[in-house]
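Here's the structure we're looking at; comments come further down.
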Amino acid sequence: MEIVISIVAKVAELLVVPIKRQIGYVVDCNTNIQNLHNEVEKLTDAKTRVIHSIEEARRNGEEIEVEVLNWLGDVDGVIQGGGVVVADESSKRCFMGLFPDLKIRYRLGKAAKKELTVVVDLQEKGRFDRVSYRAAPSGIGPVKDYEAFESRNSVLNAIVDALKDGGVYMVGVYGMPGVGKTTLVKKVAEQVKERRLFDKEVLAVVSHTPDIRRIQGEIADGLGLKLDAETDKGRASQLYERLKRVTRVLVILDDIWKELKLEDVGIPSGSVHEGCKILVSSRNEYVLSREMGANKNFPIQVLPASEAWNLFEKMVGGVVKNPSVRLVAAEVARRCAGLPILLATVARALKNKDLYAWKNALKQLTRFHKDDIDDKVYLGLELSYKTLRGDEIKSLFLLCGQLRSNNILISDLLRYAIGLDLFRGCSTLEETRNSLHTLVDELKASCLLLEGDKDGSVKMHDVVHSFAISVASRDHHVLVVADELKEWPANDVLQQYTAISLPFRKIPDLPPILECPNLNSFLLLNKDPSLQIPDSFFREMKELKTLDLTGVNLSPLPSSLQFLENLQTLCLDSCAALEDVSIVGELKKLKVLSLIRSNIVCLPREIGKLTRLVLLDLSNCERLEVISPNVLSSLTRLEELFMGNSFLKWEAEGPSSQRNNACLSELKLLSNLSTLDMQITDADNMPKDLFSSFQNLERFRIFIGDGWDWSVKDATSRTLKLKLNTVIQLEEGVNTLLKRTEELHLQELKGVKSILYDLDGEGFPQLKHLYVQNCPGIQYIINSIRMGPRTAFLNLDSLFLENLDNLEKICHGQLMAESLGNLRILKVESCHRLKNLFSVSMARRLVRLEEITIIDCKIMEEVVEESENDAADGEPIKFTQLRRLTLRCLPQFTSFHSNTRQELLASDGRSKEIVAGNELGTSMSLFNTKILFPNLEDLKLSSIKVEKIWHDQPAVQPPCVKNLASIVVENCSNLNYLLTSSMVGSLAQLVRLEICNCKSMEEIVVPEGSGEGKILFPELLILELTDLPKLRRFCTSNLLECHSLKVLTLGKCPELKEFISIPLSADVPAMSKPDNTKSALFDDKVAFPDLEVFLIFEMDNLKVIWHNELHSDSFCKLKILHVGLKCSHEPCREDHLDIQGQQPLLSFRKIFPNLEDLYLESKDASALLRSLCPQDFYDKLKVLNLFCFHDAHATFPIDLLPRFPKLEKLIVGCSDFKEFLPSRLDGMEKHAIVLSSIRHFELDSLPCLEHLWKSNSQLDQALQTLETLVISKISDIHSSKKSGATHKNESSGLQYGYRNSSK
């Protein structure tokens, strides 16, 4: 019974509860709908609150959480669903609303109940703690409009490499304003990000007035860090901790002007956080190196001319395609002087402008004014100038602006500075020189001066130069003529000037008197030989301190010169007409007198009155024969005396009343001398203690003997050159100089057998460079047998030995360990008794040797000799620093080191077992494993008879090839090959390979084994193979790859028909081997994808250059192609070199569309005329060479020219043309278009030429844009506007010239 009851109860539960629920939907319908309505309103309010939070977050630049956005989507759907339920409430009744509709009430009640649950759930989920988050920083964005210049890429890569260096934590970049420093450091950030070298890259601009909080904020923004500390120190601590948590981070500090303490900002560095690297940019190198302590600094230079033009052309657009605009545009771009920001500014201003606008811009750019310089550049220069520390350096900067920007001599600055009292705190000339060099270095560090093209000079960027002129004019009333002075300013203006500079400018005639009462400096560097200075010109310049009249006609000197009572510097250099300088003696305050290259014959006694003179320069006064007695001895304050290539006629000692000229004893009274240049032709006239008097001598060039060349630049400031008849003459005071000499030249010494023993027993401790020439008595450079072991030539850097007929050894005997330890360069030439250079023990101490050159030594056998005295330790000799090795004209040379010890053992019958395995049974190689120079870069071998250069055994790693960049081999008649294939892999750095005139050379790379897979020279740029009569191939391989090859030259290789041969198995029958007689020189086995220049000539048996099938991309970048024969001055025959083969030479569409320079001979030109090519096929060709047209009726192929619409240069030579342009021509317009683009025209060796064109030719105006016409070896031309050479093109300024013209 109980079971039945429980079952009934369960059934009732299962039936009653659902029924009750379903009835509840009907009964509680209104309640459910009302509850839903209430909760939907709450959800709507919640949604509104979230939306408000989202809007606030977005205003703060934050990102919205995905969860929040999804919730909003769900809410919108639910609200819309809930609204439908509520809206359906009106349909709950039936029978005109009198009775409820139970079915609808059921449906609505159920739906409301279900929707209510969802709404309540969403309300709970919508209780967000936060709806947004700070987005991860995007970092330093990509650099827009970045131009990948080749000159910048090398710096960019170097900076990236430095940042990768574990030992470098700070890298600096410096350059003048507007040069592109900021762009470059941003590009560095982009590069390291792409390579994933850092986890974070952040950038902050420091600027001239650094704001620590702003700098901290910019770095924090890059890291996504919110700094909430109140003080700078607190913020620095937060930033410091955040940066330390980043394993690898790059911090870029752009535009830094002075020291910025990293700890103040909060940047960890160095050992504190080795993963934090810092890249700093500045205008001043000293800020980077001295104040910030950067490990490596990289200068950013202005763009070279070609890159500057490419940038300018790209930005200015197609307007420069117009020939009339292009010439002006090129000059405008040049005036921008490679400064990217200026190039961009000018290009944008002139884009799509007419010719008149270009001409106006060029005129403005001829001399910059403030308004002509980009604002950013000008403001940057202004700040750089104002931050210079002190008035002295600012005055020096403005003084540089008064000189030529491209060649500012330090010596000129010194002389002007002395005259202007620029360095008031200096009491001696030596102190002034030191101060000058210090300030010049600071200006270079600030990028306001640049390194000069020559030693002892600096230069200024044109924009900086113009800025300096503007400041000098604005602040100091200085007149600097940058181009041409058409008329002199009015007197009221002249009276304000403090300085006038006319550096080789065109000026009008000088006024009778120049009224400049405030003038301190007048620099007139003249190029007009007719310019005369009026006699009263200087009368109103009483304050003048510095006067330079270089190149002025001063015959005689104007008498008004005597009124310059305050003058301290007077330069009368290169004054060809200058004779009498007596009036100069009246300038009692004169400190500097320079007469360089002037034609004075006599230095008169009046000059002796200049008792304040500290510098006298008589250099290159080659006509100077008389210096009045006691003039030199009167100049007791003299500190610098220059008489190089000048006065030679020193008289013997004697009373001044009995002498007509100066004697050497007068110099002994000049106790203040710190610099002396002079020559003494007769050593017998030297006083014994002459040079002992010069205790303060810091710099000297003293030549004793005749025949010395003063034009040769000396390497140091202490140079002594000697030609002495006896050693006794050394005792006449010269030996005192020897101990201080840094560069010593010895010629024609008599009585000297050993340099070290006979000349200086102390070992020449200061000597850096030693030249010994034409000294037949010298046997040894060092003879330690006679003097015992000692330290010799401790600081010697270079040793040059030439024409020493009896030199047997460089070193005879033992030396102390430090001897010759700093030697870098050794050159030996024409020493015909020298068999070797070093012993093994001496070679081991030459650890810094970088260059060895041996030329024309008839019995030279080896470089290193191993004698019985050398310990046999078995260790190879290592020349670890050797970079360059040249061996030339050595007929007995066998090996770099032949191991004499083994040869001695081999001569002993008891030692046969020792030599059984050595190299004596085979041909000796030039290099072996006994001598190692792992860093050799440049190898030149010429006229030596070695049979092989490197060891043949594959197991022996070549000891000196892995860093080889250049190999040049010529006139080595015993060489059959250069390399084995196993060595090629070690030549990964090879850039240049030249093999010339090797009569036995058959193959450059010989195979080892039965076959070779691939030969690869990854870095080879230049390959030249010429005059190799037996050369059959370059190598034997399945593939030759030279991906970097740019220049290829092949010539006079008659047996070379295919560049590469495919390896064949030994068991292949000869009859099955392919017939190569008709093979092409190049096929798909040769890969030269980057080749730009190809020169091939006198390949007598070559039939086809290119096969129909070439390797992918090979030759496709070819720009210059010269294919030539030996010109025989005979008509072309049918058996002319068939370079066309099965396809004409010029029909390869893959090869020729990029050509810029093409050399054609008669038959090739004919083939080109017959070929069918698209109109733009040769659209890039700019230079056309036409040679060897020797047919009986040779006519210039004028119809060829329209195929080259961009032709700029036409060269015609070695042909029998009678004329170039006929009087009447079909297709006149198309020919005229091409001819009008030609700028340069060269004619060479045209014996039959009668005229270029007749005077009534339709093409009379076609060459109006021609700029240069060069004619050489031409017969007497009858017409063509007087041969065209004498026709001046007024519109373009045609320049022309004849070279060796003959009838």
Side-chain angles (χ1 to χ4, degrees), residues 140 142-168 170-195 197-198 201 250 252 254 277-283 285 288-289 294-314 336-341 343-344 444-445 447 450-453 459 461 883 935 937-938 963-966 988-992 1017-1022 1042-1047 1089-1093 1117 1119:
I140 304 167
V143 184
K144 296 181 180 179
D145 301 323
Y146 179 79
E147 294 290 335
F149 296 115
E150 185 176 346
S151 62
R152 296 294 166 92
N153 285 343
S154 58
V155 180
L156 177 67
N157 294 332
I159 294 171
V160 173
D161 289 341
L163 291 172
K164 290 161 58 178
D165 188 339
V168 174
M170 184 182 292
V171 177
V173 174
Y174 65 95
M176 64 175 292
V179 81
K181 301 183 295 296
T182 299
T183 301
L184 187 69
V185 296
K186 287 182 177 179
K187 190 64 180 178
V188 169
E190 183 180 300
Q191 289 278 312
V192 298
K193 185 174 184 179
E194 289 176 358
R195 302 183 193 182
L197 300 181
F198 295 92
E201 304 85 18
L250 174 63
I252 300 176
D254 188 30
K277 299 295 182 78
I278 303 168
L279 177 60
V280 189
S281 76
S282 178
R283 300 171 189 182
E285 182 191 8
L288 301 176
S289 58
N295 305 98
K296 289 186 178 181
N297 294 318
F298 297 91
I300 309 300
Q301 309 289 358
V302 297
L303 297 176
S306 59
E307 293 181 353
W309 170 249
N310 290 338
L311 173 63
F312 189 78
E313 185 179 29
K314 179 179 179 180
C336 294
L339 205 58
I341 194 170
L343 286 161
K444 288 195 289 187
C447 298
L450 305 172
E451 199 68 50
D453 297 328
K459 58 186 179 181
H461 188 279
R883 299 292 193 272
N935 293 305
E937 297 174 359
D938 188 342
N963 286 302
L964 264 177
S966 175
Q989 305 300 320
L990 190 64
V991 173
R992 185 185 197 98
F1017 290 94
E1019 300 296 329
L1020 190 65
L1021 293 178
I1022 300 172
C1042 301
H1043 293 301
S1044 302
L1045 190 66
K1046 299 288 187 184
V1047 181
D1090 270 359
L1091 190 69
E1092 295 180 358
V1093 180
K1117 294 183 180 179
K1119 294 181 179 179

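None of these values were measured; they are calculated from a predicted model. These values consider heavy atoms only, across backbone and side chains, with no hydrogens, waters or symmetry-generated copies.
What you find for Lys277 and Asp165 is that their closest heavy atoms are NZ-O, 3.0 Å. Considering every non-hydrogen atom in both Ala162 and Lys296, the closest pair reads CB-CD, 4.0 Å. Closest of all the heavy-atom pairs between Arg283 and Cys447 is O-SG, 3.4 Å.
Taking 4.5 Å as the limit, every side-chain heavy atom of Leu450 sits out of range of all side-chain heavy atoms of Val302. Counting heavy atoms from C-beta on, the side chains of Glu937 and Gln989 never come closer than 4.5 Å. Counting only heavy atoms from C-beta outward, the side chains of Val171 and Val188 never approach each other to under 4.5 Å. Residues Arg992 and Leu1021 are not in side-chain contact: their nearest non-hydrogen atoms beyond the backbone lie 4.5 Å or more apart. Under the 4.5 Å side-chain criterion, counting only non-hydrogen atoms from C-beta, Leu303 is in contact with Leu343. Put simply, the side chain of Leu184 does not reach to within 4.5 Å of the side chain of Phe298, judged on heavy atoms.
A donor-acceptor pair is defined here as one N or O able to donate and one able to accept, closer than 3.5 Å; such a pair exists between the side chain of His461 and the backbone of Ala337. Looking at Glu307, its side chain does come within 3.5 Å of a backbone N or O of Ser151 through a donor-acceptor pair. Formation of a donor-acceptor pair under 3.5 Å by the Arg152 side chain with backbone atoms of Gln301 is found in this model. Of the possible polar contacts, none joining the Asn935 side chain to the Arg883 backbone as a donor-acceptor pair under 3.5 Å is found. A side-chain donor-acceptor contact under 3.5 Å links Ser1044 to the backbone of Pro1018.
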Original post:
Would Leu279 and Ile159 satisfy side chain to side chain contact (heavy atoms under 4.5 Å, CB included), going step by step from the backbone distance to the final call?
Top reply: CA-CA 9 Å; Leu279 177 60; Ile159 294 171; 4.0 Å; yes

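With respect to the salt-bridge test (charged N to carboxylate O, under 4.0 angstrom), the residues Glu190 and Lys193 do not qualify.
Exactly one of Val179, Asn297, Ile300 qualifies for a side chain to side chain contact (heavy atoms under 4.5 Å, CB included) with Tyr174. That residue is Asn297.
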